[in-house]
Amino acid sequence: MRDHQAVAPYGLVPLPERPMPAERLQEPVLREGTSQHRLLAAHDQRIPGTNTGWIDITVRTLTPTFVGATRDGAPERSLTIDGRPALPGASLRGLIRNTMRVLTGGETGPVNTPQLFFRAPAASHSDRRARHVMRRLHRQYRDRGGAPSTPPGTSVQAGFLRRDPAAGSWEIRPLPVERPVQVRLADLREDLHRFPGLPEFELPPHESGDGAGGYVPAEFHGAFQYLPVVALCPRVHGRTVAETRFWAMAVLPPGEEPAFGHREAARDRLRERWIRKRAGAEQAMRRASGERARSAARGRRNDYGRALEGIEDVAFEAHECVLVLTGAAGERKNAYLFPTATDPRRSLPVPAHLVHLVESADQITRFQARNFRSDLPGAAVAGAEEPDRPAAIRPREGGLARAGGEPVWYQQSEGRVVSFGRSGGYRVAVGEFDPISRAVPEEVHTRARARAEGSGRPPDVPRALFGDVDLLPPGSGSGSAARGRVSVGSAVCDETGDAWMEHPLRVELLSPQRSCFANYLLQPVSEATWGQAPDLATWSHEGDVRLGGYKVYLHRHDTLPASAQRYAHLHPDRVTEGPTTRDVVPVRAGAAFHGRITFANLTDAEVGALLQALHLGNPAGGGDRHDPLYAHKLGLGKALGFGSVHIAPALYLLDPAERAASLDPGAGVACVGDEGMQKLLDAFGEALLTWEREQSTRAGEPVPGDWREVRRVEALMLAAQWRHRLPESWTRVMGLDEFAVYPVLPDLQSRFAAHARAAETGAG
């Protein structure tokens, strides 16, 4: 693997320029004079030349699988029906439809909110690659002509957001200081004991001394948010130590005058801080490799040495502030104090659409919903008359206060606010429009096509088989909606007690969002892609970007010795419970589920498409059920290796005339063997190959000799490989530090080829 190459438990299957139209699978019936409208809507009659029947499926779990959840106060169990583990029909239907969409290049659309966000430039990164990418990103923002929702690349400032109830407008009053004052959480916890009536202030694990690291417990913050305090800040002027004016060495209850003891305690903390800083400078001086770096470290050491010599002369200023806690974040060590002495004559207007963005579902986190309740007012700000408290202080849990001031960080341009949020690293909108729709080919993007053509647009294969609300053309006399000709039932396990894992697993079901542009956008791959200063495509390129493709998860399950306990490290006794963890009880590997798919009026090629979505690249009938060539992914926890399943189908076709002439339940039912299923699979493959050859010729690209050589299909089959899957080390979830340097995720073909080369040389 190359430098700055991403690893991930998923891959991207390239998008086509246009979907394969369903009529390509329906041509034999359409040629006989049956209209497509009749074929899609004739649920009450049999269409000559089509097939009706069902497919019995056996779904065998190759890894633990967790689908749905039933809550009973205990760990969440995978879904059950009548006490037996089950795979719901909706999940199986989604699996089949999505596989068919990828196979045929079907329409797609965003599943999350259309607005995308970036993190604001709160701090620079030490990595050269990260700095280069962020500089380019900020320059793109600046060059966009000052769009209201984009940051201009200036520094992030802080102030109080207020709403004028009479005018219904919003403004931000800047802080009277350059930036918010910070206080160490450990010092804050110690000082809060002076405040009457408050619960214990819990520290994050890494501050409380257990050495585990982790998250600030969000549940304990509500009582302290916007707490009025008096901050004691040192008044220091110097080249290095001047930053101490932005730190509080102690906090006091409001109205309490700082006494001699308070100032001396603050002085002791300042002394400890400077001693640590001086020791750090001395260590940096010893480790410095060049004279320039050594000289800079020596200068910092000398500055702190002189400051310590004059520490008895340091004066402390008292500022009335409110305490601001910015939410759960790894390794959080400090809290913020916002001085309330704002000048009401200084204010910046805030566009209403920015307020709407900040209050959108994509921005409000679980911490915000818990700690900014609808009955919690904003902070009291000096120099402002407080209106009567409105009935609804916040329109929703986590929304912005309509009474008082909301402490925020913001960026401004030409006297107006262009972005703001509740922390220094708040997220800013990529643009005012939907960037995803511009990154997907127009004919593939569902929403774009629906707007342009309305109902009755030519259906792709998944819509034609599974139905849609706007499938039929206008004026058809029956409305635009048509239910699908394929129905998927739930699959139920025969076992009960033995089907579950022996103990619950404590997991985090997290994944990067679409804003992770290095992974989700097509990148200009060259030697510079893997270097220290890559020119990556980001969402801010607007119409010049292309989505990498359909997202598919890979199988990740290394073979272990019989004595090894694969998921012992996820036992609840070994994993600290946190705000993003869940205790789940999956179905164990090796459990078998039985279900049925029924269909009506499908052509041979359409039945073949349905079978192909079930078989993937396995032989007719499914092949080896315990160690198949290909397998599907189903349910939650795919990134953890959960949800690898093998599907073995058995096809049954009905003869309506023979069935109507007999009372025998088995009359007119024919079980189709492997040879018959292969003919149906070939009918689909031939129709797909004909379509892809036409598209390749049209685009001036190499014409595939077989439908499996289509790059999209080839990528899907690589992702579905079970027997020759990538090892877990090549499909792991990257950490935040790895994401921070913007590694690029190669296409699936490149990843599997790289692993093959590594295996040949013994390096992988």
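Counting begins at 1 with the first residue of the sequence. Since the model is a prediction, treat every value here as computed from it, not as a measurement.
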Requested in this report: For the residue pair Thr731 and Arg556, confirm or rule out a side-chain donor-acceptor distance under 3.5 Å.
Outcome: yes
Query raised in the report: Charged N to carboxylate O below 4.0 Å: is that the case for Arg306 and Glu309?
Result: no
Query raised in the report: Could Glu190 and Arg269 be called an ion pair, given the rule that one side-chain N must be under 4.0 Å from one carboxylate O?
Result: yes
Query raised in the report: Do side-chain atoms of Thr581 reach the backbone of Arg506 as a donor and acceptor pair under 3.5 angstrom?
Result: no
Query - Side chain to side chain, Arg267 and Met249, heavy atoms closer than 4.5 Å - result: no
Query raised in the report: Of Phe246, Trp409, Tyr226, which meets ring pair (Phe, Tyr, Trp, His ring centres under 6.0 Å) against Tyr336?
Result: Trp409
Query raised in the report: Going by an N to O cut-off under 4.0 Å, is there a salt bridge joining Glu406 and Arg163?
Result: no
Query raised in the report: Taking NZ, NE, NH1 and NH2 as the nitrogens, is one of them in Arg271 or Asp268 under 4.0 Å from a carboxylate oxygen of the other?
Result: yes
Requested in this report: Keeping to residues at least two apart or across chains, list the side chain to side chain donor-acceptor pair (under 3.5 Å) pairs with something in residues 274-293.
Outcome: Glu291-Arg294
Query raised in the report: What orientation do Phe224 and Phe201 show, parallel under 30°, tilted 30 to 60°, or perpendicular over 60°?
Result: perpendicular
Requested in this report: Examine distances only and state if a side-chain atom of Arg194 and a backbone atom of Val251 form a donor-acceptor pair shorter than 3.5 Å.
Outcome: yes
Query raised in the report: When you look at Arg273 and Asp187, which way does the salt bridge (charged side-chain N to carboxylate O under 4.0 Å, His left out) test go after all the steps?
Result: CA-CA 12 Å; Arg273 175 181 173 81; Asp187 295 342; over 6 Å; no
